[in-house]
Amino acid sequence: MSERLAPLISARRIGRRVAELARQIEADHCGAPLTLVVVLKGATVFAADLMRQIAIPFVIDFVRASSYRDRTRSSGTVLIRDQSGLDVRGHRVILVEDIVDTGLTIASMIAELRKLEPASLDVCALLHKRVAGATAVDIRYKGFDVPDVFVVGYGMDYAERYRNLSGISRLVPAGR
Ligand code: IMP
Ligand code: MG
């Protein structure tokens, strides 16, 4: 593989934005039982930073969804797993996601989580990719808008690689 990386968002910028998102979440959820539902695996790095910035009590849980497999284009199928033990009835839930692309994954997750009757359900996504024909998703807590390119780093992968980068880069395919 000879793809290369082009830096897009630095670790410092991410850090600053994550702190701002945490302040917003604190202000909106003071006094109500709050659960952060983290979408595995890509959102784990973001969630780890976000949760350390949130100063009000909350519970953390995880769900797994995958639509990409080892490709850089959405396959259109979303698998949702590891959700059976989730107990969020009456809780204010924030779904923590790395990136909303076509919106398919988050829309499926929202539909599934609604069945568990949370008191409220909001989306916190670090990135929102602007793609034509995407499912409209209301992202209450959004880190950054990014163009329609494939990005890696800060938890996000290409075929399981690059999750460990502290900033976010664009993956430039070989030969471009
Ligand atoms: P969607 O269902 O098309 O919105 O895709 C969302 C999921 O695909 C995210 O949770 C990511 O795991 C993955 N994804 C989408 N775009 C990218 C990208 O540019 N880099 C890495 N993963 C991505
Ligand atoms: Mg994901």
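Start at 1 and go down the list; that is how both ligands and their atoms are numbered.
Each of the following atoms of ligand 1 lies closer than 4.0 Å to a heavy atom of Val149: 19 (O). Residue contact check: Lys129 has heavy atoms under 4.0 Å from atoms 16 (N), 17 (C), 18 (C), 19 (O) of ligand 1. Of all the atoms in ligand 1, the ones that sit under 4.0 Å from a non-hydrogen atom of Thr102 are 1 (P), 2 (O), 3 (O), 4 (O). Listed by number with element, the atoms of ligand 1 under 4.0 Å from a non-hydrogen atom of Leu104 are 2 (O), 4 (O).
Remark: ligand 1 and Val151 share an N or O pair separated by less than 3.5 Å (distance only, no angle test). Considering backbone and side-chain N/O atoms, Glu97 comes within less than 3.5 Å of an N/O atom of ligand 1. The N/O atoms of Met156, backbone and side chain alike, include none that comes under 3.5 Å of an N/O atom in ligand 1.
Here CG of Leu86 is found 4.5 Å from CG of Asp61. Values are rounded to the nearest 0.5 Å. The OG atom of Ser169 sits 11.5 Å away from atom CD of Glu3, with the distance rounded to the nearest 0.5 Å. One distance of note links CG of Asp157 with OH of Tyr162; it measures 10.5 Å at 0.5 Å rounding. Atoms CZ and CG, on Arg17 and Leu127 in that order, are 11.0 Å from each other to the nearest 0.5 Å.
Which of Ile168, Thr105, Val100, Val39 comes nearest to atom 5 (O) of ligand 1 through a heavy atom is settled by distance: it is Thr105.
The two residues Phe46 and Ala125 make their nearest non-hydrogen contact at CE2-C, 4.2 Å. The two residues Gly90 and Ala119 make their nearest non-hydrogen contact at O-CB, 3.4 Å.
Judged by the shortest distance from any of its heavy atoms, Gly103 lies inside the 4.0 Å radius around the atoms of ligand 1. Note on ligand 1: Asp98 sits in its first shell, one or more heavy atoms being nearer than 4.0 Å. Within the structure, ligand 1 has Asp157 among the residues with a heavy atom less than 4.0 angstrom away.
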Let me check something: any side-chain donor-acceptor pairs from residues 26-36 under 3.5 Å, sequence neighbours excluded? List them with distances.
residue: Glu26; atom: OE1; partner: Arg23; partner atom: NE; Å: 3.1
residue: Glu26; atom: OE2; partner: Arg23; partner atom: NH2; Å: 3.1
residue: Glu26; atom: OE2; partner: Ala55; partner atom: N; Å: 2.7
residue: Asp28; atom: OD2; partner: Arg140; partner atom: NH2; Å: 3.1
residue: Asp28; atom: OD2; partner: Tyr141; partner atom: OH; Å: 2.7
residue: His29; atom: ND1; partner: Ile25; partner atom: O; Å: 3.1
residue: Thr35; atom: OG1; partner: His91; partner atom: ND1; Å: 2.6

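Between the side chains of Tyr154 and Asp98, no donor N or O sits under 3.5 Å from an acceptor N or O.
With a heavy-atom cut-off of 4.0 Å, Ile106 does not touch ligand 1 at all.
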